[in-house]
Structure formats: structure tokens, C-alpha cells
Amino acid sequence: MYAEYQERGRVLPWRETRDPWAILVSELMLQQTQVARVLPKYGEWLRRWPDPSSMAAASVAEVLAAWSGLGYNRRALALKAAASIIETEHGGTVPEDAAALRALPGVGGYTAGAVRAFAFGLPDVFLETNIRAALLHWFFPDREGVRDRELLPVAAAVLDRADPRAWHYALMDYGAALKKLAPNPSRRSAHHAVQSRFEGSLRQARGAIVRILSAEGPHEAESIHERCGMERERVANALAALVAEGTVEYAGSLVRVRET
DNA sequence: ATCCGGGCGT
DNA sequence: ACGCCCGGAT
């Protein structure tokens with residue numbers, strides 16, 4: 001696998017750095033978003049906010065506007081909140097400690113392990129879709145509904161502890177390549193889920209509202225559904241959810257992206 | 001119309 | 001354990 005990786009492993013900008021902040025940004029972006037869509041955003045984002053300090057000082061509206069196109073914009077808010085915690089609790093440096101990483105918003109088991117392996121060279125064991133695909137293909141060829149608790153010991157057993165960074169890059173490239181040849185092996189994971197239809201959904205309306213407010217500034221609450229080009233009731237429900245979670249707020253009859 | 005892709009609240 | 005969170009490609 002290493003020989004393959006040396007010859008035609010993917011060359012990706014976040015693989016050219018060991019800056020923990022850059023790695024963290026890339027991993028947040030890569031959650032539920034494919035490489036091709038992250039590529040044009042990643043460099044732009046880091047030029048604008050090259051460290052946690054600058055990210056923490058950014059406004060919510062500009063962060064959401066810059067995130068536009070990546071989807072699941074709560075990740076942008078998580079990244080900004082994580083930057084603030086890194087500033088106040090870790091002296092502006094992305095922590096190496098696994099529990100401290102896990103305590104950051106938007107950072108779960110995968111992302112904590114990825115930052116530790118890719119930025120700090122630590123031999124953590126973690127799973128994402130490409131790693132699951134590779135392990136399922138090799139070690140569970142005839143099984144359906146394989147749980148992560150079964151995959152993790154296998155991942156630990158095969159891990160190259162001498163070079164966790166290269167090992168995981170190679171493993172992920174292998175898994176990604178498998179998906180182009182055959183049905184996605186990670187669909188045999190017990191944790192694979194098919195999500196509900198997007199067209200006509202609440203999250204489509206949420207996305208439209210956030211995009212409009214972050215790009216254009218506050219709008220009259222009553223006019224938002226026209227600007228979205230969606231039914232009044234669906235937009236009202238999406239707006240209520242966004243207000244309830246604090247992503248947007250009312251200012252009199254206007255709606256705007258949260259300011260603090 | 002279907003596919004893909006981690007974290008988190010419940 | 002399960003449902004929700006986006007958007008572009010095919």
C-alpha cells in the first residue's frame with residue numbers, strides 16, 4: 001500500500017503542512033464534505049484567518065459567508081467557537097491532548113485522532129468513511145452491519161506506529177480508490193445512514209436563510225420567504241429553529257445573523 | 001432521483 | 001441507538 005501511496009497518493013494542501021490549526025481547519029471542512037468541494041475554500045480560509053486568534057476575532061456573519069457552499073454551516077460556528085477556546089484556555093495553541101481536543105466544539109473522535117496523527121505524528125486509532133472502506137474490504141469482505149467497535153481493534157492492529165501520518169493518508173487513499181471500483185464498502189458499516197430528501201426540506205430552507213443573511217445583512221422577517229423563493233411556512237419553521245439554536249436573532253422586525 | 005460525508009442532541 | 005444538520009455531482 002505504501003508503494004502505491006508513494007507513486008500516486010493524493011497530493012492535498014492540508015497534507016503539505018503540520019500546522020495544527022491548518023489541519024484542524026481542514027478536518028472540520030472535510031466532515032461530511034468531499035475533498036473536491038473543500039479544495040477551493042481551504043486556502044482562502046487560511047489566508048484570511050491564519051491562526052486561532054484571527055478566527056476568534058472574526059464576526060459570525062463573515063465566517064458564515066466564507067463557509068457558504070460547504071454545507072452544514074454549524075461547523076463554521078464550531079470552528080470559530082473552538083478558536084476562542086484555544087485562545088482563552090490553551091494560550092492560542094491547538095492542544096495536543098486528546099481530551100482537550102475532544103472538548104472543542106465540532107471535534108469528535110475522528111477529528112481529534114486526525115489532528116493528533118497529522119499534526120503531531122501520534123499513533124492514534126480513528127475511523128472515517130475511507131478507513132472503514134479499506135478495513136471492511138480487507139477484513140470483513142462478507143459481512144454486513146459491521147460496528148465500529150469491531151473495526152477499531154483491527155485498525156489498531158494494522159496501524160504503522162512508526163509513521164501514523166503516512167499510514168493514515170495511504171489508508172484513506174486506498175479506501176477512496178476502492179469506492180471508484182465497486183459499491184462503497186463503507187455502506188456495510190452499521191453506522192452508515194441514508195439521509196432524508198434535501199429538496200423541500202427544512203435544512204434547505206435553513207441553508208438559504210443563512211446564506212442570504214450572511215451575504216446581504218439583516219432582512220425584514222416578513223420578506224425572507226420571498227427572498228428565499230420558498231413557502232412561507234417552511235421558511236418560518238426553519239427561521240424558528242435557527243433562532244432557537246442562536247444562529248440568527250431578531251432585531252425588532254429585522255432578522256440577522258447572531259452578532260456575538 | 002440518488003449518492004456522499006462526522007458530530008451532537010435527544 | 002436514532003434523527004438531524006447542507007450542497008454539489010452524477
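Each chain gets a letter, A, B and so on, in the order its sequence line appears, and its residues count up from 1.
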Name every residue in residues 202-214 of chain A that has at least one heavy atom under 4.0 Å from any atom of DNA chain C, in order of residue number, or write none if there are no such residues. A/Arg203, A/Arg206, A/Gly207, A/Arg211
Rounded to whole Å, the CG-P distance (A/Asp148 to C/dA1) equals 11 Å
Worked verdict on A/Glu245 versus A/Arg206 for salt bridge (charged side-chain N to carboxylate O under 4.0 Å, His left out): CA-CA 12 Å; A/Glu245 73 191 32; A/Arg206 291 169 50 104; 2.8 Å; yes
Is it true that a side-chain atom of A/Arg165 and a backbone atom of A/Phe118 form a donor plus acceptor pair closer than 3.5 Å? yes
Under 4.0 Å from any atom of DNA chain B, heavy atoms only: list the residues of residues 106-115 of chain A that qualify, in numerical order. A/Gly106, A/Val107, A/Gly108, A/Gly109, A/Tyr110, A/Thr111
Side-chain donor or acceptor of A/Arg258 paired with backbone N/O of A/Gly246 under 3.5 Å: yes
Can you name the side-chain hydrogen bond (donor to acceptor under 3.5 Å, both in side chains) partners of A/Arg10, sequence neighbours left out? A/Asp173
Side-chain donor/acceptor pairs under 3.5 Å, residues 59-67 of chain A, sequence neighbours excluded:
| unit_1 | atom_1 | unit_2 | atom_2 | d |
| --- | --- | --- | --- | --- |
| A/Ser59 | OG | A/Glu62 | N | 3.1 |
| A/Glu62 | OE1 | A/Arg48 | NH2 | 3.0 |
| A/Glu62 | OE2 | A/Ser59 | N | 2.8 |
| A/Trp67 | NE1 | A/Gly71 | O | 2.9 |

Given atom CG of A/Leu101 and atom C1' of B/dG6, what is their separation to the nearest angstrom? 15 Å
According to a hydrophobic-cluster definition based on side-chain heavy atoms being under 4.5 Å apart (Ile, Leu, Val, Met, Phe, Trp, Tyr only), do A/Leu127 and A/Leu178 belong together? yes
Atom CZ of A/Arg75 and atom C1' of C/dC4 are separated, to the nearest Å, by 14 Å
Is any side-chain heavy atom of A/Met230 closer than 4.5 Å to one of A/Gln204? yes
Sequence neighbours excluded, every pair satisfying ring pair (Phe, Tyr, Trp, His ring centres under 6.0 Å) that has a member inside residues 188-247 of chain A: none
Between A/Arg74 and C/dC6, is there a contact of a side-chain N or O with OP1 or OP2 at under 4.0 Å? no
For DNA chain C, find the residues of residues 167-196 of chain A with a heavy-atom distance under 4.0 Å and give them by number; none if there aren't any. A/Gln195
Give the rounded distance in Å between these two atoms: CZ of A/Arg197 and C1' of C/dG3. 18 Å
For residues 151-161 of chain A, run the donor-acceptor check on the side chains, cut-off 3.5 Å, and write out each pair with its distance to 0.1 Å, sequence neighbours left out.
| unit_1 | atom_1 | unit_2 | atom_2 | d |
| --- | --- | --- | --- | --- |
| A/Asp160 | OD1 | A/Ala162 | N | 3.0 |
| A/Asp160 | OD2 | A/Tyr2 | OH | 2.7 |

Under 3.5 Å, is there a donor-acceptor pair between the side chain of A/Glu128 and the main chain of A/Asn130? yes
Who pairs with A/Trp167 by ring-ring contact (aromatic ring centres under 6.0 Å, His included), at least two apart in sequence or on another chain? none
Measure CG/A/Asn73 against P/C/dG7 and give the value in whole Å, please. 7 Å
When rounded to whole Å, the CG to P distance for the pair A/Leu242 and C/dC4 reads 16 Å
A/Tyr72 has an atom OH; how far is it from atom P of B/dG7, in whole Å? 13 Å
Would you jot down, in residue-number order, the residues of residues 16-36 of chain A having a non-hydrogen atom under 4.0 Å from DNA chain C? A/Gln34
Do any side-chain nitrogens or oxygens of A/Arg147 fall under 4.0 Å of OP1 or OP2 in C/dA1? yes
Just grab all the ring pair (Phe, Tyr, Trp, His ring centres under 6.0 Å) pairs involving residues 14-37 of chain A, residues at least two apart or on different chains. A/Trp14-A/Tyr42
Is the cationic atom of A/Arg15 (NZ for Lys, CZ for Arg) positioned less than 6.0 Å from the six-membered ring centroid of A/Tyr169 and within 45 degrees of its normal? yes
For salt bridge (charged side-chain N to carboxylate O under 4.0 Å, His left out), just list the numbers for A/Arg234 and A/Glu231, CA-CA rounded to whole Å, side-chain angles, deciding distance to a tenth of an Å, and then say yes or no. CA-CA 6 Å; A/Arg234 177 156 64 112; A/Glu231 320 81 77; 2.9 Å; yes
Using a strict heavy-atom distance below 4.0 Å, which residues from residues 118-146 of chain A are in contact with DNA chain C? none
Residue pairs fulfilling side chain to side chain donor-acceptor pair (under 3.5 Å) with at least one residue in residues 78-104 of chain A, sequence neighbours excluded: none
A/Leu242 vs A/Ile209 side-chain heavy atoms within contact, under 4.5 Å: yes
Rounded to whole Å, please give me the gap between CG in A/Leu70 and P in B/dG6. 14 Å
